[in-house]
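Okay, structure first, notes after.
Note that these values count all heavy atoms, side chains included, but never hydrogens, waters or copies made by symmetry. This structure is a prediction, so every number in the text was calculated from the model and none was measured.
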Amino acid sequence: MDTRTKPLLPMVLAATLSWTNSAAAEEATVVRFDDRMTGDWGGARTQLSQRGLDMSLAYINEWLHNTSGGARDATAYADQFALAISADLDTMLDWRGASFHVLITNRNGPQLDAKAGLGTLLETHEIYGRGHYTRLTRFYLQQALFDDRLVLKLGRSDVDFFPLSCEFINISFCGALPGYHSNGWYTWPIGQYFANATFRPTARTYVKAGANDVNPRNLDGDQGLHLRTPHDDNDGVLANVEAGWLPVFGNRLDGAYRVGAWRNSTNQPDLLLDTQRQPMPLADGDPLIRKRSDGWYAMAQQRVWTNGSGRSLSLFANFSRSDADVDRVDQVASLGLWLHGPFAGRPADRLGLAIGQNRVSARAREAERLSNIATGANGVLPRKETPLEVNYQFAVARGLWLMPSVQHVRNPGGRDDNDDALVWGLKLSAVF
């Protein structure tokens, strides 16, 4: 592991803390941060923000228990801390349109799917993933040009495409879905070298293109807070494009419609064929190496009703299709809704409902079928699993939310002979 950049992060944090001492002495003029548990720190946070510095600490924990499905009933608890620092370099250094962003994450705890042996294609436990490590998830410079019509980003980050919020516990409805079923698309909390550009021809449309370093060493736990990643023989590039339309109907009903595609240049083994292009289960050869893989996605979200005072109903739909030659799960689709302020007396609460379908690729299924023939096995072939989640988020106090949830996963792993899984959950979210 290269350690030449190891002191950089502590130096940045030390400089930040030193700078805050002088900034906190200025008088606050605007009340802010009333949505954080620790408030405005007696006005110090507003003063820092006016000087160009914003900091936040977020915490999430998820407790899950299954009462059916899998090999056994089990309970699992996992959590995450996320420390974010953003510096407005325009305010601090007169560097017009520039800002710098740092995000450090720490994850802990086991995964329910593994403890209970659920055998799901996608996790019921979204906060679990990539090991129990502290990671430098984001460390990048952002530059806005031409009155913010062009925005450039350069540094380290998780893949900055497919912007789906994470308001469910089942990962089928949470975050950058292509990264959960496409090899080489490293999602949160994995940071990697990246560069992208977003151009906005109008206030309601944009096109975006970017590239990320695909290096398996980024997944290592000892990558930690390092900026530099050692070379790997299977390094490659993930190239992304995305276009979006962000309409507002009737001045109140906002929406977001996006389509995107990607290409991964890393070598990946074919799921079925060997180097002679014969089925591996029958020929017993080495897998054919594919020189690239591709995929595409579509997203839609639309507010369809609002009373103008915080209560609203929004619908969403997502579809992601990856390369069936190399990805075992080649299609993920979901539909759902959010009802904000479901009761007049609870305007800050939210009800969520989503249903999805995760599909095993025909190539993977054929490989298993031929393997069963070769070995004399008689197993059920995997096809599709169907996750469903209903949750209700209570706004408990300033910066604190509690969300009970129930999930039902039909045919876990896509196998008809697997018992359906029923998973009860409780998620706590806090922003300090």
Pairs flagged by ring-ring contact (aromatic ring centres under 6.0 Å, His included) wherever residues 192-219 is involved - sequence neighbours left out: Tyr140-Phe194
Please give me the minimum heavy-atom distance between [X] and [Y], naming the atom from each residue.
| X | Y | answer |
| --- | --- | --- |
| Trp262 | Leu238 | CD1-CD1, 3.7 Å |
| Thr38 | Phe432 | OG1-C, 3.2 Å |
| Pro382 | Arg415 | CD-NH1, 3.5 Å |
| Arg258 | Leu246 | NH2-CD2, 3.9 Å |
| Ala374 | Pro281 | CB-O, 3.7 Å |
| Asp330 | Arg321 | O-CD, 3.1 Å |

Distance flag, aromatic centroids of Tyr180 and Trp185, threshold under 6.0 Å: no
Steps toward side chain to side chain contact (heavy atoms under 4.5 Å, CB included) verdict (Asn418, Asn411): CA-CA 6 Å; Asn418 282 347; Asn411 299 335; over 6 Å; no
[atom1] of [X] to [atom2] of [Y]: how many Å apart, nearest 0.5 Å?
| X | Y | atom1 | atom2 | answer |
| --- | --- | --- | --- | --- |
| Leu353 | Glu389 | CG | CD | 9.5 Å |
| His125 | Cys174 | NE2 | SG | 11.5 Å |
| Leu112 | Glu123 | CG | CD | 10.0 Å |
| Gln142 | Ser157 | CD | OG | 10.5 Å |
| Ser361 | Asp327 | OG | CG | 8.0 Å |
| Ile373 | Leu282 | CD1 | CG | 7.0 Å |

Is any side-chain heavy atom of [Y] closer than 4.5 Å to one of [X]?
| X | Y | result |
| --- | --- | --- |
| Phe173 | Pro387 | yes |
| Asn264 | Val237 | no |
| Ser265 | Lys291 | no |
| Trp401 | Val431 | yes |
| Phe316 | Met299 | no |
| Trp296 | Pro178 | no |
| Pro163 | Glu242 | yes |
| Trp424 | Thr67 | yes |

Under 4.0 Å between a Lys/Arg side-chain N and an Asp/Glu carboxylate O for [X] and [Y]?
| X | Y | answer |
| --- | --- | --- |
| Asp254 | Arg303 | yes |
| Asp34 | Arg36 | no |
| Asp325 | Arg363 | yes |
| Lys427 | Glu126 | yes |
| Asp160 | Lys208 | yes |
| Arg369 | Glu366 | yes |

Main chain of [Y], side chain of [X]: is a donor-acceptor contact present, judged purely on distance under 3.5 Å?
| X | Y | answer |
| --- | --- | --- |
| Ser86 | Met55 | no |
| Gln143 | Leu141 | no |
| Asp270 | Leu288 | no |

Strictly by modelled atom types, are [X] and [Y] linked by a side-chain donor-acceptor pair under 3.5 Å?
| X | Y | answer |
| --- | --- | --- |
| Asp113 | Thr124 | yes |
| Ser312 | His340 | no |
| Thr202 | Thr205 | yes |
| Tyr392 | Asp349 | yes |
| Gln223 | Asn218 | no |
| Tyr257 | Gln302 | yes |
| Thr137 | Asp158 | no |

Test side chain to side chain donor-acceptor pair (under 3.5 Å) applied to Gln268 and Asn183, step by step: CA-CA 8 Å; Gln268 299 181 56; Asn183 296 319; 3.1 Å; yes
Check against side chain to side chain donor-acceptor pair (under 3.5 Å), Asn106 and Thr134: CA-CA 4 Å; Asn106 172 269; Thr134 299; 2.8 Å; yes
Tyr297 and Phe162 aromatic ring geometry - parallel, tilted or perpendicular at 30°/60° bounds: perpendicular
Check against side chain to side chain contact (heavy atoms under 4.5 Å, CB included), Val406 and His408: CA-CA 7 Å; Val406 60; His408 181 268; over 6 Å; no
Side chain to side chain contact (heavy atoms under 4.5 Å, CB included) between Arg398 and Met37, intermediate numbers included: CA-CA 5 Å; Arg398 180 179 66 186; Met37 287 188 68; 5.7 Å; no
ring-ring contact (aromatic ring centres under 6.0 Å, His included) involving Trp95 - partner list, sequence neighbours excluded: none
Aromatic Phe139 / basic Arg156 pairing, under 6.0 angstrom, 45° off normal: no
Salt bridge (Lys or Arg N to Asp or Glu O under 4.0 Å) involving Arg410 - partner list, sequence neighbours excluded: none
Test salt bridge (Lys or Arg N to Asp or Glu O under 4.0 Å) applied to Asp88 - qualifying residues, sequence neighbours left out: none
Residue pairs involving residues 377-386 (criterion side chain to side chain donor-acceptor pair (under 3.5 Å); sequence neighbours excluded): Asn358-Glu385
Which atom pairs, one a donor and one an acceptor, fall under 3.5 Å between side chains of residues 75-84 and the rest of the protein, sequence neighbours left out?
unit_1: Thr75; atom_1: OG1; unit_2: His65; atom_2: ND1; d: 2.7
unit_1: Tyr77; atom_1: OH; unit_2: Tyr59; atom_2: OH; d: 2.8
unit_1: Tyr77; atom_1: OH; unit_2: Asn61; atom_2: ND2; d: 3.4
unit_1: Asp79; atom_1: OD1; unit_2: Asn108; atom_2: ND2; d: 3.0
unit_1: Asp79; atom_1: OD2; unit_2: Tyr59; atom_2: OH; d: 3.1
unit_1: Gln80; atom_1: OE1; unit_2: Arg107; atom_2: NE; d: 2.8
unit_1: Gln80; atom_1: OE1; unit_2: Arg107; atom_2: NH2; d: 3.1
unit_1: Gln80; atom_1: OE1; unit_2: Trp188; atom_2: NE1; d: 2.8

CA sep, side-chain torsions, deciding dist, call: Arg130, Leu219, side chain to side chain contact (heavy atoms under 4.5 Å, CB included): CA-CA 7 Å; Arg130 305 302 189 183; Leu219 305 177; 3.7 Å; yes
